[in-house]
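In listed order, ligands and their atoms are each counted from 1.
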Amino acid sequence: MAEELKGKVMTTDAGRPVGDNQNSLTLGPRGPVVFEDFLLFEKMAHFNRERVPERVVHAKGSAAYGTFTVTNPDMAKYTTAKLFDKVGKQTPTFLRFSTVGGEKGSADTERDPRGFALKFYTEEGNWDMVGNNTPVFFIRDPLKFSDFIHTQKRDPATNLKSPTMMWDFWSLSPESLHQVTILFSDRGTPDGYRHMNGYSSHTFSLINAKGELFYCKWHFKTKQGIKNFTREEADNMKSVDMDYSQRDLFNAIEKGDFPKWRVQVQIMPEADAATYHINPFDLTKVWPHSDYPVIEVGELELNRNPENYFAEVEQAAFDPKNVAPGMGFSPDKMLQGRLISYPDAHRYRIGVNYNLLPVNEPKCPYSTYNRDGSMRFNANGGSTPNYEPNSFGGPTQHPKYVERPTSYSTSTVGRFSHREHDSDYYTQPGNLFRLMSPDAQERLVGNIGSSLSQVEQRIQDLQINHFYKCDPKYGEGVAKAIGRKIEDIVKKEELVSA
Ligand code: NDP
């Protein structure tokens, strides 16, 4: 192409300059179209493949780049992770918010947990914190994940969302009560993404230079203040602006009103885990603040919008397995399930080389021996060896980075019942109910009522019995909200407040 036309003339994907992008190649002005219209077929073929499969969960999302700044001078007590090594140190981040159950075109203000997936591009590899805006989850064994998610999706016959599926599953899975209580509270319909907290929910670990391990839970507290919609406001917003949260986040950042979160951590010394009265690895439970207060770590600010939604947000991939040296996992079964499941989902959705996509690529140097695979769009290691050990100076392991060994007290492999192990489904959701103001309790039972009223009585009965065990006022409130009497639902000998 003539030098003066470079960058100005449209080309095909292979670089051939295009002379006419308005008219197909046809036999005469009335057609038909001929097969040799490479431009038409290239455009149509590419268009037909424009969508990658949407995420099975967290399909609708919004994201922004930001900065994490350390404020705590003492993090070395807990971890050797370099991103915390001095006050004022900054690490670039990327944070993707999302709803969970809805499809890519669904409304932002649905009652749903919100994803809070955060990537720290640290100098020793990416650290991905794949959290939610809730500190707990509906289930505690990953074997139940697909069952649970099916209840949040569409009915196989009607293709409609189904309160029956949801309440049927929840009523038969009482470990869900804690998360159900949060979901139907005011926090189930946050006013956009800037006004909600994020939580790691899972228990992770930190390891210091002496090799001491601390279990930890991460908290990201909004500096904008918690703000929620009522059920009516959230429902109304679906018809006013389906993309409310996307617009709110994008516009705030665009005008320089950068949202911020306080980054905090709860720390549990390794030895406490064996004797703590709550299973610290149970994703349906929190660690009460009075037992493990939050420690300030730093501040997270979002300050740059993506330039291209598909390239940066749709192709973003977060892996809970990505932790930096000085960090580790925990026996939390749900976390263990996600360590395998997330990268597997990315390989299916955007391909085996998803880590090479610019939004996912580490910003530090990296040298792996993984090669080839579909869409290998970098130099693929060039002529350097693709095996290790090799005698040509290729990168090698370093003992400094061996994971700390973990000991487990049991040596029996089996399918242990999580129900037999812990059937206290009620204390923590009850505590949450009791800390709500009377008007927040009123909204909670009203929100539950508007959904539970649509299902069969036998499912209502089972679920209201669970609420009653959390707190009699909770059960009574829900019964009243659906126009029923608690005496007709809870057995006489179990009624404490009749
Ligand atoms: P605290 O009184 O110390 O903590 C209560 C916490 O409840 C607050 O700090 C706030 O969390 C959170 N909260 C308030 N309203 C709601 C709501 N509608 N939905 C969800 N969370 C809300 O008591 P505990 O630490 O003993 O916890 C009591 C209950 O609070 C727990 O059973 C749990 O349900 C809930 N909670 C506890 C958290 C924890 O890590 N301990 C975290 C979040 C909730 P925040 O400060 O994070 O905004």
Side-chain angles (χ1 to χ4, degrees), residues 100 111-114 116 118 129 131-138 140 174-191 193-204 214-231 233-234 259-268 272-273 276-297 299-300 330 332 422 424-448 466-467 469-471 473-474 477-478:
V100 180
R111 183 171 300 286
D112 209 359
R114 300 293 188 270
F116 194 101
L118 184 54
M129 168 61 54
N132 277 330
N133 71 329
T134 61
V136 293
F137 198 61
F138 298 92
R140 55 190 181 190
E175 65 274 16
S176 62
L177 274 166
H178 199 177
Q179 179 80 325
V180 166
T181 302
I182 297 175
L183 179 64
F184 284 87
S185 79
D186 294 337
R187 292 196 185 188
T189 46
D191 178 336
Y193 294 132
R194 294 182 299 132
H195 294 281
M196 60 180 213
N197 295 338
Y199 303 88
S200 65
S201 316
H202 294 293
T203 298
F204 287 87
F214 301 86
Y215 290 114
C216 66
K217 281 182 182 285
W218 294 94
H219 301 245
F220 302 84
K221 300 282 174 63
T222 173
K223 287 188 127 179
Q224 290 66 243
I226 298 269
K227 236 169 103 184
N228 302 306
F229 284 132
T230 61
R231 179 171 83 253
E233 287 168 340
K260 297 184 178 67
W261 283 262
R262 279 159 44 209
V263 180
Q264 305 172 328
V265 67
Q266 285 179 292
I267 296 279
M268 177 186 288
D272 287 19
Y276 189 45
H277 67 104
I278 297 163
N279 171 6
F281 312 121
D282 176 354
L283 187 57
T284 66
K285 303 265 185 0
V286 295
W287 300 351
H289 293 119
S290 51
D291 293 344
Y292 295 99
V294 291
I295 297 167
E296 293 293 324
V297 177
E299 183 183 270
L300 173 72
S330 82
D332 175 347
D422 176 3
D424 179 8
Y425 314 118
Y426 310 108
T427 305
Q428 291 202 347
N431 290 343
L432 178 58
F433 179 80
R434 285 180 286 275
L435 69 78
M436 288 181 196
S437 62
D439 56 314
Q441 290 178 346
E442 201 53 40
R443 287 190 297 275
L444 167 73
V445 298
N447 294 338
I448 292 174
H466 291 315
F467 290 139
K469 285 184 192 150
C470 297
D471 191 292
K473 267 176 70 186
Y474 190 2
V478 175

| request: To the nearest 0.5 Å, tell me how far Glu296 CD sits from His219 NE2. | output: 11.0 Å
| Ligand-side contact atoms (ligand 1) for residue partner Gln266, heavy atom cut-off under 4.0 Å | 40 (O)
| message | Side chains of Lys260 and Gln224, heavy atoms from C-beta outward: is any pair under 4.5 Å? | response | yes
| message | Is there a side-chain contact between Lys217 and Pro135 in this structure, where contact means two heavy atoms from C-beta onward sitting under 4.5 Å apart? | response | no
| Protein contact to atom 26 (O) of ligand 1 [nearest heavy atom, distance to 0.1 Å] | Pro288 CB, 3.5 Å
| message | With heavy-atom distances below 4.5 Å as the criterion, would you say the side chains of Tyr426 and Cys470 are in contact? | response | yes
| request: Pick one of side chain, backbone, both or neither for how Ser185 approaches ligand 1, counting any non-hydrogen atom pair under 4.0 Å. | output: side chain
| task | Look only at interatomic distance and state if Asn431 has a nitrogen or oxygen under 3.5 Å from any nitrogen or oxygen of ligand 1. | result | no
| message | Quick one, His195 and Ile226 - any side-chain contact, counting heavy atoms below 4.5 Å? | response | no
| field | Per-residue contact class, Leu435 against ligand 1 - non-hydrogen pairs under 4.0 Å | value | side chain
| request: Can you pull out the closest protein heavy atom to atom 9 (O) of ligand 1? Residue, atom name and distance to 0.1 Å, please. | output: His289 CE1, 3.4 Å
| task | Could you tell me how the ring of Tyr276 sits relative to the ring of Tyr292: parallel (under 30°), tilted (30 to 60°) or perpendicular (over 60°)? | result | perpendicular
| query | Got the closest protein heavy atom to atom 22 (C) of ligand 1, with its distance? | reply | Arg187 CZ, 3.4 Å
| Which atom pair, heavy atoms only, marks the closest approach of Lys221 to Asn197? | CA-OD1, 3.3 Å
| task | Starting from atom 32 (O) of ligand 1, find the nearest protein heavy-atom neighbour and note its residue, name and distance. | result | Gln428 O, 3.1 Å
| Stepwise, does the side-chain hydrogen bond (donor to acceptor under 3.5 Å, both in side chains) test hold for Ser330 with Asp332? | CA-CA 5 Å; Ser330 82; Asp332 175 347; 4.9 Å; no
| field | Interfacing atoms of ligand 1 (cut-off 4.0 Å, heavy-atom, Trp287) | value | 39 (C), 40 (O), 41 (N)
| request: For residues Tyr215 and Phe281, establish whether the separation of their ring centroids is below 6.0 Å. | output: yes
| remark: the protein heavy atom lying closest to atom 27 (O) of ligand 1 turns out to be Val286 CG2, 4.5 Å
| With respect to atom 43 (C) of ligand 1, which of Pro429, Pro135, Ala440 exhibits the smallest heavy-atom separation? | Pro135
| query | Is atom 18 (N) of ligand 1 close to the protein, meaning a heavy atom under 4.0 Å from it? | reply | yes
| query | Side chains of Arg187 and Thr134: does their closest heavy-atom pair fall under 4.5 Å? | reply | no
| task | Could you tell me whether the side chain of Asp291 reaches within less than 4.5 Å of the side chain of Gln266, counting heavy atoms only? | result | no
| query | Going by the order shown, which atoms of ligand 1 are within less than 4.0 Å of some heavy atom of Asn197? | reply | 45 (P), 47 (O), 48 (O)
| field | ligand 1 atoms in contact with His219 (distance to a heavy atom under 4.0 Å) | value | 40 (O)
| Protein residue, atom and distance nearest to atom 47 (O) of ligand 1, heavy-atom basis | Tyr199 OH, 2.5 Å
| request: Please indicate whether any nitrogen or oxygen in Ser290 is less than 3.5 Å from any nitrogen or oxygen in ligand 1. | output: no
| said: Is any side-chain heavy atom of Trp261 closer than 4.5 Å to one of Thr222? | reply: yes
| Close-contact set for ligand 1 against Lys221 heavy atoms, below 4.0 Å | 45 (P), 46 (O), 47 (O)
| said: How far is atom 33 (C) of ligand 1 from the closest protein heavy atom, and which atom is that? | reply: His178 NE2, 3.3 Å
| field | Heavy atom of the protein closest to atom 35 (C) of ligand 1 (residue, atom name, distance) | value | Leu432 CD1, 4.0 Å
